[in-house]
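The analysis underlying the following values was restricted to heavy atoms, covering all of them including side chains, and did not include hydrogens, waters or symmetry mates.
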Amino acid sequence: MAPPLTRPRPTLPHPFARRAVPLAHEVLEGSGARPPLVLLHGLFGSHSNFQSVAKAVARRSGSSKVVTLDARNHGSSPHSPLMTYEAMSLDVQHLLARLGITKCILLGHSMGGKTAMTLALQRPDLVERLISVDVSPSSTAAVSEFSAYISAMKSVNIPYGLPRSAARQLADDQLRPVVQMAQLRQFLLTNLVEVEGRYVWRVNLEAISHHFSDIMDFPVFHKPYPGPTLFLGGSNSPYISPKDYPEIQRLFPKADIQFIEGAGHIVHQDKFEEFITAILNFLPAPQSQGPGLP
């Protein structure tokens, strides 16, 4: 029996745990004058989850650029034992500084939405406006099954040297009893990578497990974010509900709450065109390019 899957890269040493990690990212240059749009993926995702969105928005929005990134412990970004929203917010702040972005439009889905909210509440000067996709500033533990998914991923065993197609099929079979939705299993399997003949999870399952309660919860803030905010949920998802509205209004007094009919938690995948339309409608008018121009 092969040992359980492990992460493909070493964990950063503990003395560096509270420092920002350099995030893997991609930048799509746009032709417009709007502030850059920065897209933050959810738990077990990567920047590729927003590739289609980034291309559509870059082409149709008039943004100066669109940035997608891998959160710490995800995708090609470094691993760290720390996995709090304060840490993930600091990572994004450092990336903005590296890219010379002094103000952006910040969009995050699920875990990325909570990271985006944290950054906006910490540094409102960096965020022109905020979009939180299918998540609120409240605990999501009651509606999340990710704890069971983490355990299932940890228990996957794949023999050394197995061909990729066979390895994926075996992992799929082992996940199926817990992760019954085929679409969700395929999403999780995007994290299965081959390293020197052994298949490993590229996400840092240990850090995610250790900080699972932090990821499901949300930090305490007292001062609200003053900018325009859109909470965009799926009508078939429980992640934004009326019980969340008072906390949304307290922390984001300029919030608009909208739902896309027929969409589940992964709104941008379930209803792509409707999602893009909602985002474009929320973006600010393009900045003036010169005298006499709108």
Any side-chain donor near an acceptor of the partner, Ser209 and Lys154, under 3.5 Å: yes

Side-chain donor/acceptor of Lys114 to backbone N/O of Pro219, under 3.5 Å: no

Single-linkage hydrophobic cluster Leu96~Ile105, side-chain heavy atoms < 4.5 angstrom: no

Sidechain N-carboxylate O distance under 4.0 Å for Glu29, Lys55: no

Residues which pass salt bridge (Lys or Arg N to Asp or Glu O under 4.0 Å) with Arg129, listed by chain and number, not counting sequence neighbours: none

Donor-acceptor pair, side chain of Ser77 and main chain of Asp70, under 3.5 angstrom: yes

Considering all heavy atoms, the nearest Ala116-Gly108 contact: CB-N, 4.2 Å

Any donor-acceptor N/O pair, Asp217 side chain to Ser213 backbone, under 3.5 Å: no

Heavy-atom pair with the smallest gap, counting every atom of Phe187 and Thr190: O-OG1, 2.6 Å

Contact check, side chains of Tyr85 and Leu121, non-hydrogen atoms, under 4.5 Å: no

Close side-chain approach of Pro124 to Pro226, heavy-atom, < 4.5 Å: yes

Interatomic spacing from OG in Ser138 to CZ in Phe218 - rounded to 0.5 Å: 9.0 Å

side-chain contact (heavy atoms from CB on, under 4.5 Å) assessment of Leu95 paired with Ile101: CA-CA 9 Å; Leu95 178 61; Ile101 296 173; over 6 Å; no

Main-chain N/O of Ala152 paired with Ser155 side-chain donor or acceptor, under 3.5 Å: yes

Inter-residue atom distance His210.NE2 - Asn204.CG, 0.5 Å rounding: 11.0 Å

Non-hydrogen side-chain atoms of Ile240 and Phe259 separated by less than 4.5 Å: yes

Closest heavy-atom pair and its distance - Leu23, Val92: CD1-N, 4.0 Å

Heavy-atom pair with the smallest gap, counting every atom of Gly264 and Ser237: C-CB, 3.8 Å

Heavy-atom check, side chain of Ile215 versus side chain of Met83, under 4.5 Å: yes

Qualifying side-chain hydrogen bond (donor to acceptor under 3.5 Å, both in side chains) pairs, either residue in residues 86-95, two or more places apart: Arg72-Asp91, Ser89-Gln93, Ser89-Gln122, Gln93-Gln122

Cluster overlap Tyr239 with Ile131, hydrophobic side-chain contacts below 4.5 Å: no

Distance (rounded to the nearest 0.5 Å) between Thr68 OG1 and Glu26 CD: 5.0 Å

Check: Gln174 side chain, Asn157 main-chain N or O, donor-acceptor pair, under 3.5 Å: yes

Arg185 (side chain) donor-acceptor with Gln180 (main chain) under 3.5 angstrom: yes

N/O donor-acceptor pair under 3.5 Å between Asp244 side chain and Ser241 backbone: yes

Plane angle bin for Phe146 and Tyr149 - parallel if under 30°, tilted between 30 and 60°, otherwise perpendicular: perpendicular

With sequence neighbours excluded, residues passing side-chain hydrogen bond (donor to acceptor under 3.5 Å, both in side chains) with Asn191: Arg202

Over all atoms of both residues, closest heavy-atom pair of Pro22 and Pro78: O-CD, 3.2 Å

Flag side-chain contact, heavy atom, 4.5 Å: Leu119 against Leu126: yes

Contact check, side chains of Leu28 and Arg59, non-hydrogen atoms, under 4.5 Å: no

Within-4.5 Å side-chain heavy-atom neighbours: Phe252 and Met117: yes

ILVMFWY cluster, Leu189 and Leu184 together (side-chain gap under 4.5 Å): yes

Greater than 12 external heavy atoms within 6.0 Å of Glu273's CD: yes

Check against ring pair (Phe, Tyr, Trp, His ring centres under 6.0 Å), Phe272 and Phe275: CA-CA 5 Å; Phe272 181 81; Phe275 177 83; 7.5 Å; no

Lys/Arg-Asp/Glu bridge criterion (N-O < 4.0 Å) met for Lys271, Glu261: no

Nearest non-hydrogen partners of Ala171 and Leu192, listed with the distance: CB-CD2, 4.0 Å

Residues Gln249 and Tyr245: side-chain donor-acceptor under 3.5 angstrom: no

Value rounded to 0.5 Å, distance of NZ in Lys254 from CG in Leu130: 13.0 Å

Side-chain donor-acceptor contact under 3.5 Å, His265 with Asp134: yes

Between Asn49 and His41, a side-chain donor and acceptor under 3.5 Å: no

Check: Ser235 side chain, Gly262 main-chain N or O, donor-acceptor pair, under 3.5 Å: yes

Leu175 side chain reached by Val156 side chain, heavy atoms, under 4.5 Å: yes

Asp172 vs Arg168, salt bridge (Lys or Arg N to Asp or Glu O under 4.0 Å): CA-CA, chis, key distance, verdict: CA-CA 6 Å; Asp172 186 69; Arg168 283 182 63 93; over 6 Å; no

Side-chain donor or acceptor of Ser80 paired with backbone N/O of Leu82 under 3.5 Å: yes

Leu106 CG to Tyr225 OH distance, which is reported to the nearest 0.5 Å: 8.5 Å

His211-Thr84 side chain donor-acceptor pair, cut-off 3.5 Å: no

NE2 on His25 to CZ on Arg98, rounded to 0.5 Å: 5.5 Å

N/O donor-acceptor pair under 3.5 Å between Thr140 side chain and Met216 backbone: yes

Intermediate values then yes/no, side-chain contact (heavy atoms from CB on, under 4.5 Å), Tyr199 and Arg164: CA-CA 8 Å; Tyr199 285 87; Arg164 178 168 177 77; 3.2 Å; yes

hydrophobic_cluster_shared for Ile257 and Val267, side chain cutoff 4.5 Å: no

ILVMFWY cluster, Leu283 and Ile260 together (side-chain gap under 4.5 Å): yes

Pair Phe44-Ile208, side-chain contact (heavy atoms from CB on, under 4.5 Å): steps then yes or no: CA-CA 9 Å; Phe44 296 123; Ile208 292 170; 4.0 Å; yes

Check against side-chain contact (heavy atoms from CB on, under 4.5 Å), Leu37 and Leu107: CA-CA 7 Å; Leu37 175 65; Leu107 181 154; 4.2 Å; yes

